Structures are given as structure tokens and as C-alpha cells.
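All values derive from a computational prediction rather than experimental measurement. These numbers come from the heavy atoms of this one structure, side chains and all, not from hydrogens, waters or symmetry mates.
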Amino acid sequence: MTGVQTCALPILVAHNMDFDRHGLAWLGVHVPEANRFCTMVNLVPENEKWPRLSEALEHFGLAQVGTPHRAETDARSAGRIFLEMVRRGW
């Protein structure tokens, strides 16, 4: 694909990957599906309500750090949720 970069990261973590991947694609960054992890989708069983980022933080007893709904804050929160999921053997 011309003008599209493939992400070399081992894994990209986001809380709402469907939303974030479109933004990345707009920037010309393609992340293969095998390299994506969505904390929102993977946190609950299929057909259950997806948690908001604040609900996921609360579920794991993690405090909100920074201003919610800002890219850096939300990215760090998703990363902290992911690390807690891994730590708990999710």
C-alpha cells in the first residue's frame, strides 16, 4: 500500500481499538489485527456492555491520572489496565 506504514510495535493497546485504529489509519499508520489489543472488548464476555475507560480503571482499583478524554491520559490509562490484566492472568 502506497503511503501506509506498518507499525513495527509488537502490540498496540487501546481501550476502544475500533475508534483509535481509524485515527491511526488517517495518519497513514496501519497496525495489523494480530498486533492490536483492545482492553474494552477483552475485559467483558461477549454480549455484555463494554465498560467505559473510567469503569475499567475502577474495576481494577486504578486511579485516574491526568485529565480524562485527553489522548495521553487515555493512552496511559489503557496501558495501565492492560498491564493489570496481564498481571492478573487475564
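In E58, the CD atom is not crowded: 12 or fewer heavy atoms of neighbouring residues, nucleotides or ligands sit closer than 6.0 Å. Heavy atoms from other residues, nucleotides or ligands lying under 6.0 Å from CD of E72 number 12 at most. A 6.0 Å sphere centred on NE2 of H69 holds no more than 12 heavy atoms belonging to other residues, nucleotides or ligands. Within a 6.0 Å radius of CZ in R70, no more than 12 heavy atoms belonging to other residues, nucleotides or ligands are found.
The distance from the SG atom of C38 to the CG atom of D18 is 7.0 Å, given to the nearest 0.5 Å. Taking NE2 from H30 and CZ from R21, the interatomic distance works out to 9.5 Å, rounded to the nearest 0.5 Å. Between N16 atom CG and D20 atom CG the span is 6.5 Å, to the nearest 0.5 Å. With values rounded to the nearest 0.5 angstrom, D74 atom CG is found 10.0 Å from S54 atom OG. Once rounded to the nearest 0.5 Å, the distance linking CZ of F19 with CE of M40 reads 11.0 Å. The distance from the CG atom of L83 to the OG1 atom of T39 is 11.0 Å, given to the nearest 0.5 Å.
A ring-centre distance under 6.0 Å is found for F60 and W90.
When atom types are taken as modelled, the side chain of N35 and the backbone of P10 share a donor-acceptor pair closer than 3.5 angstrom. Side chain of R36 to main chain of I11: no donor-acceptor pair is present (N/O by atom type, distance under 3.5 Å, no hydrogens or angles). At distances below 3.5 Å, not a single donor-acceptor pair connects side-chain atoms of E84 with backbone N or O atoms of I81. One N or O on the side chain of T73 and one on the backbone of T67 form a donor-acceptor pair closer than 3.5 Å.
Between V13 and A78 the shortest heavy-atom distance is CG1-O, 3.7 Å. Residues A56 and L43 approach most closely at CB-CD2, 3.6 Å, considering heavy atoms.
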Test log, rule side chain to side chain contact (heavy atoms under 4.5 Å, CB included), inputs L12 and F37: CA-CA 6 Å; L12 178 70; F37 185 88; over 6 Å; no

Trace of the side chain to side chain contact (heavy atoms under 4.5 Å, CB included) decision for Q64 with S77: CA-CA 7 Å; Q64 175 73 57; S77 293; 3.6 Å; yes

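Contact check for E33 versus M17: no side-chain heavy atoms found under the 4.5 Å cut-off.
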